[in-house]
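The structure appears right after this line, and notes come after that.
Below, chain A is the first sequence line, B the second, and so on; all start at residue 1.
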There are 4 protein chains.
Amino acid sequence: MSNCCDKREEIFRAALELIAEQGFHGAPMAMIAERAGVAAGTIYRYFENKDALIVDLFHEIDDKIGAVIMQDYQQAKPLRERFHHIFTTLARYFVKHPLHFRYIEQFHNSPYGVEFKRDILQRKTGDCHIYRDLLEEGVAQQVIKDLPMPILFALAFGPLKVVVRDHILGFVALEDELIDKLMAACWDGIRR
Amino acid sequence: MSNCCDKREEIFRAALELIAEQGFHGAPMAMIAERAGVAAGTIYRYFENKDALIVDLFHEIDDKIGAVIMQDYQQAKPLRERFHHIFTTLARYFVKHPLHFRYIEQFHNSPYGVEFKRDILQRKTGDCHIYRDLLEEGVAQQVIKDLPMPILFALAFGPLKVVVRDHILGFVALEDELIDKLMAACWDGIRR
Amino acid sequence: MSNCCDKREEIFRAALELIAEQGFHGAPMAMIAERAGVAAGTIYRYFENKDALIVDLFHEIDDKIGAVIMQDYQQAKPLRERFHHIFTTLARYFVKHPLHFRYIEQFHNSPYGVEFKRDILQRKTGDCHIYRDLLEEGVAQQVIKDLPMPILFALAFGPLKVVVRDHILGFVALEDELIDKLMAACWDGIRR
Amino acid sequence: MSNCCDKREEIFRAALELIAEQGFHGAPMAMIAERAGVAAGTIYRYFENKDALIVDLFHEIDDKIGAVIMQDYQQAKPLRERFHHIFTTLARYFVKHPLHFRYIEQFHNSPYGVEFKRDILQRKTGDCHIYRDLLEEGVAQQVIKDLPMPILFALAFGPLKVVVRDHILGFVALEDELIDKLMAACWDGIRR
DNA sequence: AATGAATGAGAATTCATTCAT
DNA sequence: TATGAATGAATTCTCATTCAT
């Protein structure tokens, strides 16, 4: 457990940093290895190849985000509060982990991410059902507009994605107060 | 005149298709040349190098979009109508030209696009001032929420981006009626 | 005659400048053409290919030097005076035409020049016989050391080559007085 | 240790042979690799790029020559004997290592060598100070002509360069006896 | 398990030369 | 004759992956 996971962790960290900052182009295996403090060949003990490393790292991050959201998620709370929880948790997570955000963006806009996207959009994997369940519940309760799920999803979380990017580029300071206002506006977008 | 522009056009077309579909990785110069029906060296008569080709192609598309939006834009019309015009024109353009949409996405999520983004976010180039002017006017008239520009921008157009992607992947059929509904919801997001 | 020779002349001039200053690497045909004010294809009307251009240009320069030396060469004058004439004429020519000197150097140190050198060293071409005749006469008269011809040649003109290079690089100012001193020293080298 | 230095050595050897015989043009990296018995990419483990390989190889040779000259150089010996030592050592080295001579010539007549030449002419690097010290000492002792250093340098070693070239091309057989005569003549050129 | 030197296919780019106009 | 766009072979260099140690 000791050595094994350390190395894997280090490789993940190195890949995350390099890819998030330089893109897939700017992250050759040799460079990832160097930054991780392991030999190039060692990466292949933990990952079948570069693609697998990239995909695994994505899932690692994706799972982490899912876990954070689920952590204090209370199904019993009113709809809007639950939306508030998801939205602000996501926003704070990305503000706190800009490299994760940028990695996910890189991933989605790459051949690696295309196949995966089919899954996630069909809500087959991950914790996406939380988002969907919430929205579907809202539609059923006639609190949320009766629109196709992808539309609602885009209205609810699309702006967040754009704003986080702007935040990372330094064009807005995404502080708690602003996150709340953004959330409120997104809620305006989806509610009846 | 004949030959000159044909070749350049063909190279643009080939690069657009390959990059939009396969990403920058999947579009080596030799392949672009082959698909364009020219020799590899020919590309370099029209573009200084691959980067220049990529940036030029982006501007080509960007200008085209700007032109389409400006075409029937009527400054005299009420705010919401102007927003409607921009929004639906954009949506229809992307539905009609999915490769353009995917190319732009690739571009923005790449080293090539980083520098450019700084400009566009600072609204220094292109027709972006149209968007900003519209939103600023709305804020001044107290029709639109008083939020920082990047936030309003994200609320107004962020969902569209996500939905267009879903449309291209086949998860929604972005028809005129749905575009209108989406636009209305986005308007709900930004209006007071 | 008018147009024909102008172009050829311009191509020669352009090639001389570029090759002397940038080496053969730094003188692509397209660049030579541009500097000569002709189209790339035009060069091939006057020269079979790049090699031919390079060799022809060498001969052009070589002939010019030969002509200058022969111009005031007086067979009747004493040996040392004739040596003085050749030496100082050469020196002044190179000082006046540094590009010619550098071109010749480039040429001799290139695959182009190798074959040619065989000829010239066997004294088959050019005005080299002047040098050789002079030295042979000196040997016969027991004024000049009895050494193999290439040795005498090297002693007589080798230093000049090195000094001209230094002059062009700015490490000595090769003025008339210094040329005379250099010549005198070279004469010391070859005379009995 | 074993493999490392072998490969580097082999690459040096291959590059030396090819460049000395065919010039920089005639020595593509792939050909150097093939002749060295390594893969093309392997060269780049030992040298940053082709330029670095070329420059490093030059210094390798240059250092070797410097070492050979210094090996039996005795500062205490009379001036002429020291000159004799340097001159004949150089001559024999080049006779023994014609590829080294031709490589150096190629190098000096190339963009690679230009920058370096400035140094060596200013006697800033290598063992060149030996030559200069010797000549300056001779001038001070009024044994050698009072001429600018580049002139003396050219008189002392310029002929050797020309003769070595002729020797390599097969026009003289530069044997010990002849080397001595050449040296004596060069001494005549510089001595008072 | 770990290493990292070695591999070699593949990518971008250059440039002498050709040929339709 | 002259043009210069087009060609495509050749060149430099990169990098994912392997394998002997």
Side-chain angles (χ1 to χ4, degrees), chain A residues 3-4 7 24-34 36-54, chain B residues 2-4 6-8 11 24-34 36-54, chain C residues 3-4 7 24-34 36-54, chain D residues 2-8 11 24-34 36-53:
Chain A
N3 232 5
C4 139
K7 297 237 158 136
F24 294 111
H25 286 87
M29 292 298 260
M31 207 182 282
I32 292 172
E34 192 192 26
V38 302
T42 303
I43 297 181
Y44 291 85
R45 294 222 145 267
Y46 297 93
F47 306 96
E48 198 185 329
N49 52 33
K50 194 176 184 181
D51 284 20
L53 165 60
I54 286 166
Chain B
S2 58
N3 237 3
C4 139
D6 283 1
K7 295 246 153 123
R8 193 185 161 91
I11 293 164
F24 294 112
H25 285 87
M29 292 299 259
M31 206 182 283
I32 292 172
E34 193 190 23
V38 302
T42 301
I43 297 180
Y44 292 88
R45 288 203 64 74
Y46 295 95
F47 306 96
E48 200 183 329
N49 50 35
K50 193 175 183 178
D51 282 20
L53 165 60
I54 286 166
Chain C
N3 233 5
C4 139
K7 296 236 158 136
F24 294 111
H25 286 87
M29 292 297 260
M31 207 183 283
I32 293 172
E34 191 191 27
V38 302
T42 303
I43 298 180
Y44 292 86
R45 295 225 144 265
Y46 295 93
F47 306 95
E48 197 184 330
N49 52 34
K50 194 177 183 179
D51 283 20
L53 165 60
I54 285 166
Chain D
S2 57
N3 238 3
C4 138
C5 300
D6 285 1
K7 295 249 153 121
R8 193 186 161 90
I11 292 163
F24 294 110
H25 286 86
M29 292 301 258
M31 208 182 281
I32 293 172
E34 192 190 25
V38 301
T42 303
I43 298 181
Y44 293 87
R45 288 203 63 74
Y46 295 95
F47 306 96
E48 201 184 328
N49 51 36
K50 194 175 183 180
D51 283 20
L53 166 59

query = Which of parallel (below 30°), tilted (30 to 60°) and perpendicular (above 60°) describes B:F24 and A:H25?
reply = tilted

Stem list, DNA chain E (Watson-Crick or G-U pairing under 3.5 Å, at least 3 consecutive pairs) = E:2-21 with F:2-21

message = Suppose we screen for side-chain contact (heavy atoms from CB on, under 4.5 Å). Which residues come up paired with A:A36, at least two apart in sequence or across chains?
response = A:E10, A:I11, A:A14, A:V38

request  = With sequence neighbours excluded, tell me which residues meet side-chain contact (heavy atoms from CB on, under 4.5 Å) with A:A52.
outcome  = A:E48, A:N49

message = Is there a side-chain contact between C:Y46 and the phosphate of F:dT1, meaning an N or O under 4.0 Å from OP1 or OP2?
response = no

inquiry  = Output one letter per nucleotide in nucleotides 7-16 of chain E: B when a protein non-hydrogen atom lies under 4.0 Å from the base, S when only the sugar-phosphate is that close, - when neither is.
reply    = BB--SSBB-S

remark   = When rounded to the nearest 0.5 Å, the distance separating CE of B:M29 from OG1 of B:T42 is 11.0 Å

ask   = Between CD1 of D:I43 and OH of D:Y46, what distance do you get to the nearest 0.5 Å?
value = 11.0 Å

message = Please enumerate all residues that pass ring-ring contact (aromatic ring centres under 6.0 Å, His included) together with A:F47, with sequence neighbours excluded.
response = A:F12

ask   = Please give, in whole Å, the distance from F:dA16 C1' to A:I54 CD1?
value = 11 Å

task = Using the test side chain to side chain donor-acceptor pair (under 3.5 Å), find all partners of B:D51 that sit at least two apart in sequence or belong to another chain.
result = B:Y112

request  = Identify the two heavy atoms, one from B:A40 and one from B:A33, that lie closest to each other, and give their separation to 0.1 Å.
outcome  = CA-CB, 3.7 Å

